[in-house]
There are 2 protein chains.
Amino acid sequence: MVKGARGSQRREEVLSRDRIVEVSIELLDQSGEGGLTFRVLSERLATGPGAIYWHVCNKGELLTAACDAMVARTMEECTVGIAPKITIRSLALGMFDAIDSHPWVGSVLASPEGQLPMVRILERLGQAVRALGVSDDAQWAVVGALLSYILGVGGQNAAHGQLARKRGLDRTEFLETVATMWSGLDPDEYPFTRSVAGRLRDHDDRADFLAGIDLILRGIDSPRGLAYP
Amino acid sequence: MVKGARGSQRREEVLSRDRIVEVSIELLDQSGEGGLTFRVLSERLATGPGAIYWHVCNKGELLTAACDAMVARTMEECTVGIAPKITIRSLALGMFDAIDSHPWVGSVLASPEGQLPMVRILERLGQAVRALGVSDDAQWAVVGALLSYILGVGGQNAAHGQLARKRGLDRTEFLETVATMWSGLDPDEYPFTRSVAGRLRDHDDRADFLAGIDLILRGIDSPRGLAYP
DNA sequence: ACCTGAACACCGTTCAAGT
DNA sequence: ACCTGAACACCGTTCAAGT
């Protein structure tokens, strides 16, 4: 009897919701959204599919919980600096990177299931914007703009990354491919896309993203509607 | 023999890729992303699943084609007005409404498969921004900001709509529900979210969206870095 | 060239039965 | 209370066979 040996056959830990979510995240990270399956999940947990349903209602709840855990972790890691602007930049970049390395987080956040984890981001962002001295009336608009910008650009960037990975290319190789494809489009129908193909080749997603955040932040500073009514 | 009668049993039209995409769009609109199935699709087309695979490689291609058709239609409908700004607003609002009434378009655009239909939007937006007289250097950044904003807010809005529908509520009822949930959050942990709960109740997604677009457009006008270096 | 439809490997979910 | 694992209804995809 080798019971107690570090075998993966017999579960030593008792099954718990947290443990299930933890392994779910591992699976999602390893093999994407298609990689999370009740069958391989229960295999890794050395149990049957039914056991998971004792702790979790359905797959949607599992995805939401995984996303929520990921977001909570990211929010924590983005230490609340002294200057609110630094906090905002850190939060934005933190989410950008989180979505980049865990693309499934982006999809869940964009889906109806993602509304709960979203509140975490809303809150942290909101506190920082408020600390910035933005008027009560403008806070909602500013936070909304930041949130949609972060999720929009983050998601788009992650989509690029996934496509690149699927074709076995790294970032620069992939941008190169897309750029040449754009250059090959019909000059009459796609003049603009052709003209920016070169710019695509040597741009930096992360830097562009931060530039956008700074643009929004700079917009907060300016005496709105005074200089340009 | 009732052959030729308007029965749905025997197909009269010959099967074609366009016809398949057309029916796919109907299914997606009727019952969401889960509603598109090779089984019900082949049923509606009065054929077998294998027949569809003659015209289409896989489900991903089907989704891309459906999304592309939808985007192309939207781009056409947003008539190119005389003033570029009017065109931009019309394009933005057109995509917002398209994603709102066809949420699956948003998901496909946000996924790796959506990169092809995306070029259509990029091009139209780009031509308008160029017509606005934006310098070559700034065009890429401006179009990128507009694109991510449109997709970000549009997707978020569609997610809200889907959640509302799933709970059998209309827009105002749903916002009411979310607002009261936000009000019930822990005052210590969620001060900001609680404080904006009221604002959520009586806000207008479409108006807020347009306001954001106008903000970006106004930003183009201002002599950048001159008044506020 | 185009279509048919049975078959395959898989999926989320359920549930009687065990401890 | 918590777990087991067979069973159910479904899914995307394939493919020999027909016309």
Side-chain angles (χ1 to χ4, degrees), chain A residues 1 3 7-28 30-67 104 107-108 111-113 162 166, chain B residues 3 7-28 30-67 104 107-108 111-114 162 166:
Chain A
M1 293 259 241
K3 193 188 163 199
S8 53
Q9 298 287 43
R10 273 277 152 264
R11 168 162 31 95
E12 287 161 29
E13 274 175 284
V14 77
L15 208 53
S16 73
R17 197 188 136 98
D18 281 353
R19 177 86 189 113
I20 293 173
V21 172
E22 187 186 335
V23 177
S24 297
I25 291 176
E26 285 174 24
L27 287 176
L28 286 164
Q30 277 170 23
S31 31
E33 302 181 56
L36 178 57
T37 285
F38 278 83
R39 245 156 284 251
V40 329
L41 186 55
S42 57
E43 211 170 296
R44 289 249 189 145
L45 290 164
T47 179
I52 295 166
Y53 277 92
W54 177 259
H55 299 273
V56 153
C57 282
N58 49 42
K59 192 174 180 179
E61 194 187 310
L62 211 51
L63 278 167
T64 312
C67 176
W104 53 272
S107 336
V108 177
S111 77
E113 276 90 30
Q162 282 178 283
K166 199 160 69 180
Chain B
K3 194 187 161 201
S8 53
Q9 298 287 44
R10 274 274 154 265
R11 169 161 33 92
E12 288 161 29
E13 273 175 283
V14 76
L15 208 54
S16 74
R17 200 187 133 100
D18 281 354
R19 176 87 188 114
I20 293 173
V21 172
E22 186 187 336
V23 176
S24 297
I25 292 177
E26 284 174 24
L27 287 176
L28 287 163
Q30 276 169 23
S31 31
E33 301 182 55
L36 179 58
T37 286
F38 277 84
R39 244 154 288 250
V40 329
L41 186 56
S42 56
E43 211 171 298
R44 288 249 191 147
L45 290 164
T47 178
I52 295 166
Y53 277 91
W54 177 260
H55 299 273
V56 153
C57 281
N58 50 40
K59 190 174 179 179
E61 195 187 310
L62 212 50
L63 278 167
T64 311
C67 177
W104 53 273
S107 336
V108 177
S111 78
E113 276 91 28
Q162 281 177 286
K166 198 161 69 181

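The sequence lines fix the lettering, A, B, ..., with proteins before strands; numbering per chain opens at 1.
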K.L.:
What pairs of nitrogen or oxygen atoms, one from the protein and one from nucleotides 6-13 of chain C, lie under 3.5 Å apart?
P.N.:
from: C:dC11; atom 1: OP1; to: A:T37; atom 2: OG1; distance (Å): 3.3
from: C:dG12; atom 1: OP1; to: A:L36; atom 2: O; distance (Å): 3.4
from: C:dG12; atom 1: OP1; to: A:K59; atom 2: NZ; distance (Å): 2.8
from: C:dG12; atom 1: OP2; to: A:F38; atom 2: N; distance (Å): 3.1
from: C:dG12; atom 1: N7; to: A:R39; atom 2: NH2; distance (Å): 2.5
from: C:dG12; atom 1: O6; to: A:R39; atom 2: NH2; distance (Å): 2.9
from: C:dT13; atom 1: OP2; to: A:Y53; atom 2: OH; distance (Å): 2.7
from: C:dT13; atom 1: OP2; to: A:K59; atom 2: N; distance (Å): 2.9
from: C:dT13; atom 1: O5'; to: A:Y53; atom 2: OH; distance (Å): 2.9

K.L.:
For B:R17, is there an ion pair with B:E61 - N to carboxylate O distance below 4.0 angstrom?
P.N.:
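Yes, this pair counts.
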K.L.:
Which whole-number value in Å describes the distance from A:L15 CG to D:dC3 P?
P.N.:
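The distance from CG of A:L15 to P of D:dC3 comes to 5 Å, rounded to the nearest Å.
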K.L.:
Does the structure show a Watson-Crick or G-U wobble partner for C:dC8, both distances under 3.5 Å? Name it, or say none.
P.N.:
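Partner of C:dC8: D:dG12.
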K.L.:
Using a strict 4.0 Å threshold on nitrogen-to-oxygen distance, state whether B:E113 and A:K166 make a salt bridge.
P.N.:
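So B:E113 pairs with A:K166 through a salt bridge.
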K.L.:
For residues B:A51 and B:L15, report the shortest heavy-atom separation together with the two atoms involved.
P.N.:
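Taking every non-hydrogen atom into account, CB-CD2, 3.7 Å.
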K.L.:
For A:N58 and A:F38, which heavy atoms make the closest approach, and how far apart are they?
P.N.:
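In this case the closest contact between A:N58 and A:F38 is C-CZ, 4.1 Å.
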K.L.:
Would you give the length of the straight line joining atom OH of A:Y53 to atom NZ of A:K59, rounded to the nearest 0.5 angstrom?
P.N.:
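Those atoms lie 9.0 Å apart.
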K.L.:
Using atom CD1 of A:I20 as one end and atom P of D:dC2 as the other, report the distance to the nearest whole Å.
P.N.:
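A:I20 atom CD1 is separated from D:dC2 atom P by 12 Å.
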K.L.:
At a cut-off of 3.5 Å, list every protein nitrogen or oxygen paired with a nitrogen or oxygen from nucleotides 17-19 of chain D, distance to 0.1 Å.
P.N.:
none

K.L.:
For D:dC2, which nucleotide is its Watson-Crick or G-U wobble mate, given both distances must be under 3.5 Å?
P.N.:
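Paired with C:dG18.
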K.L.:
How close or far is atom C1' of C:dC2 from atom CH2 of B:W54, stated in whole angstroms?
P.N.:
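After rounding, the reported distance stands at 6 Å.
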K.L.:
So which atom in A:W104 and which in A:C67 form the shortest heavy-atom distance, rounded to 0.1 Å?
P.N.:
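Minimum heavy-atom contact is CZ3-N, 3.7 Å.
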K.L.:
Taking only side-chain nitrogens and oxygens of B:H55, does any of them come within less than 4.0 Å of OP1 or OP2 of C:dC3?
P.N.:
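For C:dC3, OP1/OP2 do have a side-chain N/O of B:H55 under 4.0 Å.
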K.L.:
Of the non-hydrogen atoms in A:S107 and A:E33, which two are nearest, and what is the gap between them?
P.N.:
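The pair with the smallest heavy-atom distance is OG-OE2, 2.8 Å.
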K.L.:
Taking all heavy atoms of A:I20 and all of A:L45, pick out the closest pair and write down the distance.
P.N.:
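For A:I20 versus A:L45, the nearest heavy atoms are CG1-CD1, 3.9 Å.
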